Engineer: 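Following this message is one structure expressed as structure tokens.
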Amino acid sequence: MKNTLEISIEQPLEWMRYLKNSIKGLIALGFFLLLGVLLANIWIVLSTEKNNFYNLQKMPSNDVGLVLGTSKAIIGGKENKFFKYRMEAAARLYKEGKVKFLILSGNHDSVFYNEPNDMKKALMSLGVPENVMTLDFAGFRTYDSIIRCKEVFNQQKFTIISQPTHNARALFLAHELGVDAVAFAAQDVPAGYKTYLREYLARPKAILDVYLLDRSKYSSKKGIDVKEEKR
């Protein structure tokens, strides 16, 4: 029969072994998560780079351009350069005849925040006529914007307009959802590590959106014409 001293020694040893195994498990889990994020980013960038155009003259024309939303101002009320350059790119595509119509897809979650309407006003100030713009007020995420452009606005082929790093993810989503899409890269903006980290982490989420998460909630809206959601 074990005496009290033997028991008191073995209990801490068991606890230490458990702790070491737990730490090893967490390290292994962290390694595989980082590897997964890295592989997801490599996959998305390499699979879309040929369709992500920087030169306006080399890119093909489409009837419809999908402008992905972002806020017009950043914290403190300063102008958001991502928004500014994205609108300038969309206006340029229209004026050069690379697109005939624009779907402005963004978040409109309150009376105080309306990305599509902000985009419309900015584009009108750049000389784009109102009658070529359709507003999508339910583009809460890039995935929503892409699948709604296909299934709600009945577009099987279109041009995505955003910054180049964002375009890669949007193109991946479009292609995996059966859309014949190209993208035009708006002027990029030097940004902090948080902006790029958010995009790098959003890419694995895009893969989950395509392969694991349910999209059936959109199926009931198939067949709606583009003009029906103009406001």
Side-chain angles (χ1 to χ4, degrees), residues 2 4-52 54 66 68-71 74-75 80-83 86 105-107 109 113 115 138-151 160-179 181-183 185-186 188-219:
K2 295 182 180 180
T4 305
L5 178 61
E6 289 175 329
I7 292 173
S8 64
I9 291 174
E10 287 183 5
Q11 284 179 341
L13 288 176
E14 286 295 325
W15 184 84
M16 289 297 294
R17 278 195 289 267
Y18 175 78
L19 180 61
K20 287 180 180 179
N21 289 335
S22 297
I23 292 173
K24 288 179 182 178
L26 289 174
I27 291 173
L29 178 62
F31 171 78
F32 284 111
L33 285 174
L34 287 174
L35 181 62
V37 170
L38 176 62
L39 292 176
N41 276 268
I42 292 173
W43 178 16
I44 286 177
V45 171
L46 291 183
S47 66
T48 60
E49 60 181 353
K50 67 179 181 179
N51 296 110
N52 200 356
Y54 294 77
L66 173 66
L68 298 177
T70 187
S71 59
I74 57 177
I75 296 174
N80 182 0
K81 292 295 180 65
F82 286 99
F83 179 91
R86 210 172 290 183
S105 183
N107 190 354
D109 57 6
Y113 190 79
E115 288 178 356
F140 302 110
R141 301 184 301 138
T142 302
Y143 178 84
D144 297 328
S145 296
I146 297 295
I147 199 168
R148 284 174 58 79
C149 191
K150 177 191 176 186
E151 297 192 0
I160 298 165
I161 304 160
S162 187
Q163 271 69 30
T165 52
H166 189 195
N167 278 346
R169 175 162 55 97
L171 280 168
F172 173 82
L173 288 168
H175 293 162
E176 293 299 319
L177 293 169
V179 175
V182 294
D188 212 347
V189 181
Y193 74 93
K194 290 183 180 180
T195 299
Y196 294 108
L197 179 61
R198 186 163 53 246
E199 181 59 38
Y200 295 149
L201 294 177
R203 289 171 179 170
K205 178 62 165 55
I207 295 173
L208 294 177
D209 280 334
V210 170
Y211 291 107
L212 294 179
L213 302 181
D214 182 29
R215 310 193 297 272
S216 60
K217 62 180 179 178
Y218 292 97
S219 61

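Here the structure is a predicted model, which is why all the values come from computation and not from measurement. Worth knowing before you read on, the calculation uses all heavy atoms, side chains too, and leaves out hydrogens, waters and symmetry mates.
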Engineer: State which residues pass salt bridge (Lys or Arg N to Asp or Glu O under 4.0 Å) with Glu49; sequence neighbours excluded, sorted by chain then number.
Structural biologist: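 For Glu49 there are no salt bridge (Lys or Arg N to Asp or Glu O under 4.0 Å) partners, ignoring immediate neighbours.
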
Engineer: Sequence neighbours excluded, which residues qualify as side-chain contact (heavy atoms from CB on, under 4.5 Å) partners of Asn80?
Structural biologist: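 Expected list: Thr70, Ser71, Ile74, Phe82, Phe83.
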
Engineer: About how many Å separate CG of Leu208 and CZ of Arg203, when rounded to the nearest 0.5 Å?
Structural biologist: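 CG of Leu208 is found 15.0 Å from CZ of Arg203.
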
Engineer: Quick one: does Arg148's side chain have a donor or acceptor within less than 3.5 Å of a partner on Gly139's backbone?
Structural biologist: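 It does not hold such a pair.
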
Engineer: Distance-only, no hydrogens or angles: does the Gln163 side chain make a donor-acceptor pair with backbone N or O of Asp188 under 3.5 Å?
Structural biologist: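 No; judged by distance alone, with no hydrogens or angles, the pair does not exist.
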
Engineer: Just verifying a value: how many Å separate Leu39 CG and Leu34 CG, rounded to the nearest 0.5 Å?
Structural biologist: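 So the gap between those two atoms works out to 11.0 Å.
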
Engineer: Check whether the side chains of His175 and Thr48 place a donor and an acceptor atom closer than 3.5 Å, and report yes or no.
Structural biologist: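 Absent: no donor and acceptor within the cut-off.
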
Engineer: Taking the inter-plane angle between the rings of Phe172 and Trp43 on a 0 to 90° scale, is it parallel (under 30°), tilted (30 to 60°) or perpendicular (over 60°)?
Structural biologist: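 Phe172 vs Trp43 ring planes: perpendicular.
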
Engineer: Could you tell me which residues satisfy side-chain contact (heavy atoms from CB on, under 4.5 Å) with Ala174, sequence neighbours excluded, listed by chain and number?
Structural biologist: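 Ala174: side-chain contact (heavy atoms from CB on, under 4.5 Å) contacts with Ile146, Ile160, Val179, Ala181.
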
Engineer: With a 3.5 Å distance limit and no angle check, can you tell me whether Asn107 reaches the backbone of Tyr113 through a side-chain donor-acceptor pair?
Structural biologist: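 Here the side-chain-to-backbone pair does not exist.
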
Engineer: For atom CG of Leu197, is the number of surrounding heavy atoms from other residues, nucleotides or ligands below 6.0 Å larger than 12?
Structural biologist: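 More than 12 within 6.0 Å, yes.
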
Engineer: Strictly distance-based, threshold 3.5 Å: is any side-chain N or O of Asn167 a donor or acceptor partner for the main-chain N or O of Ser162?
Structural biologist: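 Looks like yes, one N/O pair under 3.5 Å.
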
Engineer: By side chain to side chain donor-acceptor pair (under 3.5 Å), which residues pair with Tyr196, not counting sequence neighbours?
Structural biologist: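 Scan of Tyr196 (side chain to side chain donor-acceptor pair (under 3.5 Å), adjacent residues dropped) gives none.
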
Engineer: Is the shortest heavy-atom distance from the side chain of Asp209 to the side chain of Glu176 under 4.5 Å?
Structural biologist: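 Asp209 vs Glu176: side chains apart.
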
Engineer: Partners of Arg169 by salt bridge (Lys or Arg N to Asp or Glu O under 4.0 Å), sequence neighbours excluded?
Structural biologist: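 Once residues adjacent in sequence are excluded, the partners of Arg169 under the salt bridge (Lys or Arg N to Asp or Glu O under 4.0 Å) criterion are Glu199.
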
Engineer: Among residues at least two apart in sequence or on other chains, which ones pass side-chain contact (heavy atoms from CB on, under 4.5 Å) with Ala40?
Structural biologist: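 Testing Ala40 for side-chain contact (heavy atoms from CB on, under 4.5 Å), a comparison that skips the adjacent residues, returns Pro204, Ile207.
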
Engineer: Taking Asn41 for its side chain and Leu38 for its backbone only, find out whether a donor-acceptor pair lies under 3.5 Å.
Structural biologist: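 No; zero donor-acceptor contacts below 3.5 Å.
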
